[in-house]
Amino acid sequence: NAGVTQTPKFQVLKTGQSMTLQCAQDMNHEYMSWYRQDPGMGLRLIHYSVGAGITDQGEVPNGYNVSRSTTEDFPLRLLSAAPSQTSVYFCASSYDSGTGEQFFGPGTRLTVL
Amino acid sequence: AQKVTQAQTEISVVEKEDVTLDCVYETRDTTYYLFWYKQPPSGELVFLIRRNSFDEQNEISGRYSWNFQKSTSSFNFTITASQVVDSAVYFCALSETGNQFYFGTGTSLTVIP
């Protein structure tokens with residue numbers, strides 16, 4: 001049981017490049033979410049999904065896209081990276097929609113130059 | 001406006017002292033959930049507790065205890081007889097109906113041996 005996995009662990013991009021952060025869980029959780037963590041800002045919700053085919057915006061969705069084609073995977077796409085997207089990104093999943101304990105992945109540290 | 005306020009940015013205590021981390025939340029929902037998470041220096045996020053809005057009983061788990069008071073919209077966390085391993089950033093979070101999670105900005109606790 002791997003829990004929530006994220007790849008890559010570290011990434012450096014140039015402004016304007018695109019990339020996809022991968023997130024997978026093997027707990028059969030319906031709810032999955034993406035956060036970014038910035039110094040002094042805590043964690044802020046980017047997008048979330050309550051099941052395959054269903055996604056919605058969180059607090060800071062601009063510049064990010066998501067899709068959920070399977071229960072297990074919830075990738076986060078940066079279409080045109082900007083320095084303001086330099087952050088640590090966490091993926092999480094929960095058994096109980098948005099009200100249960102969330103299990104977090106180890107995080108991806110992204111730097112945009 | 002911040003939905004979750006953790007006014008204490010950094011706290012330092014000497015080992016074996018008790019310490020209370022404050023959390024004040026704001027919501028108009030009658031049904032909501034409150035959480036505490038721990039982020040040790042290694043960076044992962046560890047779930048500590050979940051409380052729903054209908055359960056105001058205080059909870060104790062070993063050296064940890066939580067005080068939930070709806071009258072003051074607070075959900076404070078106390079560590080008794082602190083240990084060096086308690087050094088971490090602690091986040092309080094709120095989930096309302098609608099699957100949105102809101103995290104506070106965190107309190108960085110340093111326990112000095």
Side-chain angles (χ1 to χ4, degrees), chain A residues 2-6 8-10 23 25 27 29-51 53-61 66 68 74 87-110, chain B residues 1-10 21-27 29-55 59 61 66 75 88-109:
Chain A
V4 179
T5 58
Q6 291 182 238
K9 284 193 184 309
F10 302 94
C23 174
Q25 52 93 8
M27 296 174 282
H29 288 169
E30 291 296 329
Y31 182 91
M32 295 185 74
S33 54
W34 277 102
Y35 294 87
R36 59 178 290 172
Q37 182 177 20
D38 303 294
M41 303 287 288
L43 283 86
R44 292 181 292 169
L45 182 64
I46 304 171
H47 285 286
Y48 65 92
S49 168
V50 298
I54 307 169
T55 63
D56 206 344
Q57 296 181 350
E59 193 181 355
V60 289
V66 292
R68 183 99 178 266
F74 190 42
S87 188
V88 179
Y89 292 85
F90 287 97
C91 178
S93 73
S94 172
Y95 62 89
D96 189 8
S97 86
T99 60
E101 168 192 353
Q102 292 196 86
F103 294 82
F104 283 84
T108 294
R109 185 173 294 275
L110 175 68
Chain B
Q2 276 280 93
K3 282 194 171 278
V4 178
T5 301
Q6 294 181 256
Q8 303 152 309
T9 307
E10 294 181 0
L21 310 183
D22 298 332
C23 173
V24 174
Y25 62 92
E26 178 185 331
T27 181
D29 287 4
T30 53
T31 302
Y32 54 89
Y33 296 82
L34 296 163
F35 303 80
W36 277 94
Y37 284 85
K38 174 181 180 179
Q39 187 176 41
S42 51
E44 74 272 23
L45 284 147
V46 179
F47 167 81
L48 295 178
I49 190 171
R50 177 183 92 150
R51 236 343 165 223
N52 74 54
S53 53
F54 300 108
D55 182 2
E59 180 153 341
S61 176
W66 291 269
F75 186 44
V89 180
Y90 291 87
F91 292 98
C92 181
L94 165 72
S95 172
E96 301 170 317
T97 54
N99 299 307
Q100 297 260 4
F101 272 84
Y102 302 94
F103 279 77
T105 52
T107 297
S108 178
L109 174 66

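Owing to the predicted nature of the structure, the values given are computational and were not obtained by experimental measurement. FYI, side chains are in, hydrogens and waters are out, and symmetry mates aren't considered; it's all heavy atoms of this structure.
Note: B:Leu45 CG to A:Gln102 CD = 9.5 Å, rounded to the nearest 0.5 Å. Atom OH in B:Tyr37 sits 6.0 Å away from atom CD in A:Glu101 (nearest 0.5 Å).
B:Gln100 places a side-chain N or O within donor-acceptor distance of the main-chain N or O of A:Gln57, the cut-off being under 3.5 Å. Judged by distance alone, the side chain of A:Tyr31 and the main-chain N or O of B:Asn99 form a donor-acceptor pair under 3.5 Å.
A 4.5 Å side-chain heavy-atom check between B:Phe101 and A:Tyr35 finds at least one atom pair inside the cut-off. You'll find the side chain of A:Arg44 stays beyond 4.5 Å of the side chain of B:Phe103, heavy atoms only.
Only the side chain of B:Gln39 comes within less than 4.5 Å of a heavy atom of chain A; its backbone N, CA, C and O stay farther away. Proximity to chain A is limited to the side chain of B:Tyr102, based on heavy atoms less than 4.5 angstrom apart. Neither the backbone nor the side chain of A:Phe103 has a heavy atom closer than 4.5 Å to any heavy atom of chain B.
The neighbour count for B:Arg50 CZ, taken as heavy atoms of other residues, nucleotides or ligands under 6.0 Å away, is above 12.
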